[in-house]
Amino acid sequence: MLIDLKEPLNLKETLESGQAHRWRKFNDKYSGVIGGFLVHMQQQGQTLLVDSSSSLHSEDLILNYLRIDDDLEHIYRHINKDERVRTMTSKYRGLRLLRQDPWECLVTFICSSTTNMKRISLMVENMSTYFGSKLTLGSDSRYTFPTSEDISNSNEKTLRKLGLGFRAPYVLSCGIKVQTGELNLNQLLEETYSNAKQQLMLLRGVGPKIADCVLVFSLDKLEAFPIDVWVKRALVDWYFPQQTPPSNQNLLKWANEYFGQYAGYSQQYLFHGRRLLDSPPTD
DNA sequence: TTCTGCCCTTGGCA
DNA sequence: ATGCCAAGGGCAG
């Protein structure tokens, strides 16, 4: 499938900015799983080359995942409050937030606690290989992400064996709540940012940071502003130098007022930019 | 109410 | 090699 892009997109920065953890790169092509099917994507200028293991995969499904409906120029006008952000939005122009599956996003970011991006991918791939169904596209094969039913029928020991460590009981409990209907993730789409956040934080293993990740990466709450170590470094270095660092709670309040309704986008550019400052890409 | 310090698993890295 | 770090959160005080 060839998709003629009418909006700015930088596929590389989008898929390599730590929002989603199942994309694998070989040459200029990315392999991942969207909507239960294996997808290969490659960008050539304003053209997106897409190959899928399913003929049912439509252009709309891909564009929806890439949030092509977000008007980036409009968003840049909102978040370009200063030179720092302007530098990042200019350098990584076309970096988009993704619209991921809420369940997969929730489990993935519970797994992100006190670990690094490589190990998040490891945990997610271990779970997919163990629970998922095999997908094939050419010589490439991947596995679907475990369903809440898969997880709820599993147990802590199995999840620990897959490398989740102390996160195992959190993921298990979460799977059970989604499976029983105690937690309805799709309903959170209809709720306000603050109501949805409160409900997510009732889950064990989900605090303000992980709740904000799920809200901004999968539940269309673009005002959510996840503060992790990198974003905190960026804020402290660039906005609050030479003073005792404000608490995360105060930084969150500040960010929501300063960046406004698209704070989530500013967060992603600050995160990506600050992280690459310490560990420049090797390729 | 809000903040602090400590603990939790383990792969990757220097 | 062995200690530190890593897209945090729960809990006690």
Review point. Nucleotide range of DNA chain C contacted by chain A, 5' to 3', under 4.0 Å to a heavy atom?
Key: C/dA6 to C/dG10
Check your understanding: Side chains of A/Asn10 and A/Arg93: does their closest heavy-atom pair fall under 4.5 Å?
Key -> no
Practice item. Taking the side chain as every heavy atom from C-beta outward, state whether A/Leu222 and A/Tyr193 have any atom pair closer than 4.5 Å. Key: no
Point to revise | Side-chain touch A/Tyr76/A/Tyr262, heavy atoms, less than 4.5 angstrom | key: no
Exercise for review: Any chance you could encode DNA chain B as dot-bracket? Rule is Watson-Crick or G-U wobble with both distances under 3.5 Å; [ ] for pairs crossing earlier ones, | for another strand.
Suggested key: ..||||||.|||||
Review point. Want to settle it: does A/Leu203 or A/Phe271 sit nearer the 5' end of DNA chain C, counting the closest nucleotide to each?
Key: A/Phe271
Review point. Which part of the nucleic acid does A/Thr108 contact within heavy-atom distance under 4.0 Å: base, sugar-phosphate only, or nothing?
Key: nothing
Point to revise | Contact list for DNA chain B against residues 253-265 of chain A - heavy-atom distance below 4.0 Å | key: none
Review point. Just checking A/Gly18: base, sugar-phosphate only, or nothing, at a heavy-atom cut-off of under 4.0 Å?
Key: base
Review point. Would you call A/Glu223-A/Lys197 a salt bridge at under 4.0 Å N-O?
Key: no
Point to revise | Lys/Arg-Asp/Glu bridge criterion (N-O < 4.0 Å) met for A/Glu73, A/Arg77 | key: no
**Study point:** Comparing A/Lys118 and A/Thr114 on DNA chain B - which has the more 5′ nearest nucleotide
**Key:** A/Thr114
Practice item. Have a look at A/Leu122 and say if it touches a base, only the backbone sugar-phosphate, or nothing, with a 4.0 Å heavy-atom cut-off. Key: sugar-phosphate
Filtered N/O pairs between nucleotides 1-7 of chain B and protein, under 3.5 Å:
{"residue": "B/dC3", "atom": "OP2", "partner": "A/Gln249", "partner atom": "NE2", "Å": "3.4"}

Review point. NZ of A/Lys118: more than 12 outside heavy atoms within 6.0 angstrom?
Key: no
Practice item. Using only heavy-atom distances, determine whether the side chains of A/Thr89 and A/Asn80 contain a donor-acceptor pair under 3.5 Å. Key: yes
Exercise for review: Answer yes or no: is there an ion pair linking A/Arg274 with A/Asp237, defined by an N-O contact shorter than 4.0 Å?
Suggested key: yes
Check your understanding: Do A/Lys209 and A/Asp212 sit within salt-bridge range, that is, some charged N less than 4.0 Å from a carboxylate O?
Key -> no
Revision key, fill the gap. Taken to the nearest whole Å, CE/A/Met123 to C1'/B/dG12 is 12 Å
**Study point:** Donor/acceptor link under 3.5 angstrom from A/Arg167 side chain onto base of B/dT9
**Key:** yes
Point to revise | Neighbours of DNA chain B within residues 208-218 of chain A, by heavy-atom distance under 4.0 Å | key: none
Check your understanding: Does A/Asp101 reach the side chain of A/Phe145, with side-chain heavy atoms less than 4.5 Å apart?
Key -> no
Point to revise | Partner of A/Tyr258 by ring pair (Phe, Tyr, Trp, His ring centres under 6.0 Å), out of A/Phe240, A/Tyr239, A/Phe225, A/Trp238 | key: A/Tyr239
Check your understanding: So does A/Glu16 pair up with A/Lys25, basic N to acidic O under 4.0 Å?
Key -> yes
Practice item. In whole angstrom, give me the gap between the P atoms of C/dA7 and B/dG5. Key: 23 Å
Practice item. Identify the two heavy atoms, one from A/Asp70 and one from A/Arg96, that lie closest to each other, and give their separation to 0.1 Å. Key: O-NH1, 3.0 Å
Could you pull out all donor-acceptor pairs under 3.5 Å where a side-chain atom in residues 31-42 of chain A meets a protein atom, sequence neighbours excluded?
{"residue": "A/Ser31", "atom": "OG", "partner": "A/Asp140", "partner atom": "OD2", "Å": "2.8"}
{"residue": "A/Ser31", "atom": "OG", "partner": "A/Arg142", "partner atom": "NH1", "Å": "3.0"}
{"residue": "A/His40", "atom": "NE2", "partner": "A/Asp140", "partner atom": "OD2", "Å": "2.7"}

Check your understanding: Should we count CD of A/Glu83 as having more than 12 external heavy atoms under 6.0 Å?
Key -> no
Exercise for review: Please work out if A/Thr115 contacts a base, only the sugar-phosphate, or nothing of the nucleic acid, heavy-atom cut-off 4.0 Å.
Suggested key: base
Review point. If you pin A/Val206 and A/Asn116 to their nearest nucleotides in DNA chain C, which one's is more 5'?
Key: A/Asn116
Review point. For atom P, what is the distance between C/dA12 and B/dT9, given to the nearest Å?
Key: 16 Å
Check your understanding: Which whole-number value in Å describes the distance from A/Leu164 CG to B/dG11 C1'?
Key -> 13 Å
**Study point:** Residue pair A/Leu277 / A/Arg233, side-chain heavy-atom distance below 4.5 Å
**Key:** no
**Study point:** Nucleotide B/dT10, atom C1' - distance to CG of A/Asn126 in whole Å
**Key:** 12 Å
Point to revise | A/Leu276: which of A/Phe271, A/Tyr92, A/Trp230 passes side chain to side chain contact (heavy atoms under 4.5 Å, CB included) | key: A/Tyr92
Review point. What integer distance in Å separates A/Phe166:CZ from B/dG11:C1'?
Key: 13 Å
Exercise for review: Give a yes or no on whether a donor-acceptor pair under 3.5 Å exists between the nucleobase atoms of B/dT9, that is its base, and the side chain of A/Arg119.
Suggested key: yes
